[in-house]
A.B. asks: 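Sharing a structure, written as structure tokens. Questions coming.
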Number of protein chains: 2
Amino acid sequence: MKERQTKSRLAIRELLVSAKQPLSATELIEALLRLGLAVNKTTVYRELEKLLKKNEISEVDFGEGQKRYELTHGDHHHHAVCTECRAVVELEIEGRLGDILSMVTKQSGFRIEKHLIEFFGVCEACQS
Amino acid sequence: MKERQTKSRLAIRELLVSAKQPLSATELIEALLRLGLAVNKTTVYRELEKLLKKNEISEVDFGEGQKRYELTHGDHHHHAVCTECRAVVELEIEGRLGDILSMVTKQSGFRIEKHLIEFFGVCEACQS
DNA sequence: TCATTTAACGCAACTTAGTTGCATCTGTCA
DNA sequence: TGACAGATGCAACTAAGTTGCGTTAAATGA
């Protein structure tokens with residue numbers, strides 16, 4: 001049978017679409033609650049799993065001990081995260097990644113398959 | 001009073017000194033057990049906290065949902081992790097980091113304070 | 001419109017990493 | 001050797017995430 005259009009599913013997708021930053025499962029649950037939808041965490045985790053499998057969303061790791069999820073859009077990219085207000089800016093550093101990657105390959109001898117690259121600091125607004 | 005030289009403390013330090021790769025708290029506990037030291041996890045976490053505070057060890061995050069710890073040695077550096085055998089190689093890519101960092105700063109407007117950069121793939125031994 | 005089917009859901013219980021409060025133990029130093 | 005305070009262990013807890021299972025409810029066809 002096809003995938004069903006349930007309230008929870010539609011709402012989770014909508015939240016991810018309109019999110020300005022990668023959301024954690026907990027944030028999703030809270031946002032759903034604010035919409036009047038008391039969705040169980042199991043449901044949220046299972047929906048995220050499906051969206052991941054269909055490559056509609058991507059996992060993001062800011063080293064917080066929890067995963068975040070954002071809509072898959074364009075190539076794999078990286079973020080700058082404000083440690084004050086949690087604002088997230090998407091970066092375009094793919095140009096410089098090539099030679100780093102070949103450097104890493106040469107140094108390690110590994111066949112590099114993925115990487116984890118994120119930046120943390122204070123955004124303009126929080127600097128003043 | 002000074003810091004006491006207890007069996008657990010000495011063993012934890014020794015394990016971290018002789019470790020070939022960053023260790024997780026769980027791995028430390030298991031290694032201690034193998035040495036005949038049934039050290040409680042609370043003790044291990046508290047000791048790691050102290051070592052961190054004294055900057056004797058550094059936290060490493062491979063996005064596994066658990067922290068790893070390695071002796072602080074030299075500058076902040078990055079790793080290549082084999083996804084097959086878990087071997088870890090230390091990298092020297094500081095040279096290329098400068099222009100990436102300035103690129104990130106320019107793009108985001110953030111005052112960048114730290115970053116998370118790790119590479120994952122298959123090591124030479126596991127490729128054959 | 002209604003019955004059927006099965007995907008989706010909720011609940012409870014569990015796992016893993018890490019934390020906290022408190023009572024007890026034990027290095028260390030006088 | 002005794003006393004103090006740092007170190008430890010235990011139990012209970014938190015937070016993120018997972019699993020099994022019984023129930024609910026979209027979707028489809030009659």
Side-chain angles (χ1 to χ4, degrees), chain A residues 1-16 19 21-54 56-70 81 86 116 118, chain B residues 1-16 19 21-54 56-70 81 86 116 118:
Chain A
M1 204 182 261
K2 295 255 185 73
E3 184 172 87
R4 293 178 187 173
Q5 304 272 285
T6 65
K7 267 193 173 180
S8 315
R9 171 160 295 151
L10 293 171
I12 290 172
R13 238 170 258 212
E14 183 49 41
L15 284 168
L16 287 165
Q21 348 175 327
L23 300 176
S24 68
T26 306
E27 285 172 350
L28 264 173
I29 292 167
E30 289 166 356
L32 288 163
L33 206 56
R34 265 180 259 121
L35 294 178
L37 289 172
V39 183
N40 189 278
K41 64 176 175 172
T42 309
T43 302
V44 171
Y45 281 111
R46 288 202 267 235
E47 181 60 18
L48 289 171
E49 204 184 348
K50 280 190 184 174
L51 292 169
L52 277 172
K53 218 163 269 171
K54 294 194 288 175
E56 288 187 32
I57 60 173
S58 307
E59 252 179 26
V60 178
D61 194 313
F62 291 159
E64 308 160 297
Q66 115 211 79
K67 299 282 181 188
R68 295 183 167 273
Y69 306 89
E70 67 179 4
V81 183
R86 293 277 118 196
L116 184 52
E118 308 291 354
Chain B
M1 205 183 261
K2 296 258 183 73
E3 183 172 86
R4 294 181 188 169
Q5 305 270 285
T6 66
K7 265 194 174 179
S8 315
R9 171 160 295 149
L10 293 171
I12 290 172
R13 238 169 257 211
E14 182 49 41
L15 284 168
L16 287 164
Q21 348 174 328
L23 299 177
S24 68
T26 306
E27 285 171 348
L28 264 173
I29 293 166
E30 289 166 356
L32 287 163
L33 205 56
R34 264 180 262 120
L35 294 178
L37 289 173
V39 183
N40 191 277
K41 64 176 174 172
T42 310
T43 303
V44 171
Y45 280 112
R46 289 202 268 234
E47 182 60 19
L48 288 171
E49 204 184 348
K50 282 191 182 171
L51 292 170
L52 277 172
K53 219 162 268 169
K54 294 194 288 176
E56 288 188 32
I57 60 173
S58 308
E59 249 179 31
V60 177
D61 194 315
F62 291 157
E64 309 159 294
Q66 116 212 77
K67 300 282 181 189
R68 294 183 168 273
Y69 306 88
E70 65 179 4
V81 182
R86 294 276 119 196
L116 183 51
E118 308 291 354

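All values reported here derive from a predicted model rather than from experimental measurement. Naming convention: chains lettered A, B, ... in sequence-line order (proteins, then strands); numbering from 1 in each chain.
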A.B. asks: Kindly say whether, by distance alone, the side chain of A:Arg4 makes a donor-acceptor pair under 3.5 Å with the base of C:dA7?
C.D. replies: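 Per atom types, the contact qualifies.
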A.B. asks: A:Tyr45 side chain N/O closer than 4.0 Å to the phosphate oxygens (OP1, OP2) of D:dG17?
C.D. replies: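 Yes, because at least one side-chain N or O of A:Tyr45 sits under 4.0 Å from OP1 or OP2 of D:dG17.
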A.B. asks: Quick one: side chains of residues 33-46 of chain A, donor-acceptor pairs under 3.5 Å with protein atoms, not counting sequence neighbours, listed by atom name and distance.
C.D. replies:
{"unit_1": "A:Asn40", "atom_1": "OD1", "unit_2": "A:Thr42", "atom_2": "N", "d": "2.8"}
{"unit_1": "A:Asn40", "atom_1": "OD1", "unit_2": "A:Thr42", "atom_2": "OG1", "d": "2.9"}

A.B. asks: Is the NZ atom of B:Lys54 crowded by more than 12 outside heavy atoms at less than 6.0 Å?
C.D. replies: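 Yes, enclosed.
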A.B. asks: So, for A:Ala25 and A:Leu48, which heavy atoms are closest and what is the spacing to 0.1 Å?
C.D. replies: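 Reported closest heavy-atom pair: CB-CD1, 4.1 Å.
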A.B. asks: Provide, to the nearest angstrom, the distance between the CD atom belonging to B:Glu59 and the C1' atom belonging to C:dA17.
C.D. replies: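 Rounded to whole Å, this separation is 13 Å.
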A.B. asks: In Å, rounded to the nearest 0.5 Å, how long is the span from OG1 of B:Thr6 to CD of B:Glu47?
C.D. replies: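 Between atom OG1 of B:Thr6 and atom CD of B:Glu47 there are 7.0 Å.
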A.B. asks: From B:Ile57 CD1 over to B:Lys50 NZ, what is the distance, rounded to the nearest 0.5 angstrom?
C.D. replies: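 Taking CD1 in B:Ile57 and NZ in B:Lys50, the distance rounds to 12.5 Å.
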A.B. asks: Check this for me: does the side-chain of B:Arg9 come within 3.5 Å of the base of D:dA7 through a donor and an acceptor?
C.D. replies: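 No, the side chain and the base share no sub-3.5 Å donor-acceptor pair.
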A.B. asks: Send over the distance from B:Glu3 CD to C:dG27 P, rounded to a whole Å.
C.D. replies: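 It works out to 14 Å between those atoms.
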A.B. asks: Taking CG from B:Leu48 and C1' from D:dT8, how many angstroms apart are they, rounded to a whole number?
C.D. replies: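 One finds 15 Å between C1' of D:dT8 and CG of B:Leu48, rounded.
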A.B. asks: What is the minimum heavy-atom distance between B:Tyr69 and B:Leu52, and which atoms define it?
C.D. replies: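 That closest heavy-atom pairing would be CE2-CD1, 3.9 Å.
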A.B. asks: N/O contacts under 3.5 Å, protein versus nucleotides 20-22 of chain D?
C.D. replies:
none

A.B. asks: One thing to verify: whether B:Arg13 and B:Glu3 come together as a salt bridge, which I'm taking to mean a side-chain N less than 4.0 angstrom from a carboxylate O.
C.D. replies: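 Salt bridge flag = yes for B:Arg13 with B:Glu3.
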A.B. asks: Calculate the interatomic distance between A:Gln66 atom CD and D:dA16 atom C1'; express it in whole Å.
C.D. replies: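 Going from A:Gln66 (CD) to D:dA16 (C1'), I get 8 Å.
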A.B. asks: Does C:dT26 have OP1 or OP2 under 4.0 Å away from a side-chain N or O of B:Thr6?
C.D. replies: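 No.
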A.B. asks: What integer distance in Å separates A:Leu52:CG from D:dG17:P?
C.D. replies: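 Spelled out: CG on A:Leu52 to P on D:dG17 is 11 Å.
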A.B. asks: Near DNA chain C, under 4.0 Å by heavy atom, which residues of residues 21-30 of chain A?
C.D. replies: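 Residues of residues 21-30 of chain A that come under 4.0 Å of DNA chain C do not exist, since none gets that close.
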A.B. asks: Expressed in angstrom and rounded to an integer, what is the separation of A:Asp61 atom CG from D:dG17 atom C1'?
C.D. replies: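 Those two atoms, CG and C1', are 14 Å apart.
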A.B. asks: Mind calculating the distance between CD1 (A:Ile12) and C1' (C:dA7) to the nearest angstrom?
C.D. replies: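 Spelled out: CD1 on A:Ile12 to C1' on C:dA7 is 15 Å.
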A.B. asks: C:dG10 C1' sits how many Å from A:Glu47 CD, rounded?
C.D. replies: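 For the pair A:Glu47 CD and C:dG10 C1', the rounded distance is 15 Å.
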A.B. asks: Could you identify which residues of residues 32-41 of chain A place a heavy atom less than 4.0 Å from some atom of DNA chain C, listed by residue number, or say none?
C.D. replies: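 Close to the strand are A:Ala38, A:Val39, A:Asn40.
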A.B. asks: Sorted by first residue and then second, give each salt bridge (charged side-chain N to carboxylate O under 4.0 Å, His left out) pair with at least one member in residues 57-68 of chain B; sequence neighbours left out.
C.D. replies: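 Listed by first then second residue: B:Glu27-B:Arg68, B:Glu59-B:Lys67, B:Asp61-B:Lys67, B:Glu64-B:Arg68, B:Glu64-B:Arg86.
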A.B. asks: Walk me through it: do B:Val60 and B:Glu118 pass the test side-chain contact (heavy atoms from CB on, under 4.5 Å)?
C.D. replies: CA-CA 9 Å; B:Val60 177; B:Glu118 308 291 354; 4.1 Å; yes
A.B. asks: Can you check whether A:Thr43 has a side-chain N or O nearer than 4.0 Å to OP1 or OP2 of C:dG10?
C.D. replies: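 For C:dG10, OP1/OP2 do have a side-chain N/O of A:Thr43 under 4.0 Å.
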A.B. asks: Measuring from A:Leu15:CG to A:Glu30:CD, what's the distance to the nearest 0.5 Å?
C.D. replies: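 Nearest 0.5 Å value for the CG-CD distance: 11.5 Å.
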A.B. asks: Select base, sugar-phosphate, or nothing to describe what A:Gln5 touches, counting heavy atoms under 4.0 Å on all strands.
C.D. replies: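 Counting heavy atoms under 4.0 Å across all strands, the contact made by A:Gln5 is with sugar-phosphate only.
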A.B. asks: Tell me which nucleotide among C:dG18, C:dT26, C:dA8 gets nearest to the side chain of A:Lys50.
C.D. replies: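 For the A:Lys50 side chain, the nearest candidate turns out to be C:dA8.
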A.B. asks: Applying ring pair (Phe, Tyr, Trp, His ring centres under 6.0 Å), name anything that partners B:Phe62, two or more places apart in sequence or on another chain.
C.D. replies: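 Counting only residues at least two positions away or on another chain, B:Phe62 forms a ring pair (Phe, Tyr, Trp, His ring centres under 6.0 Å) with B:His79.
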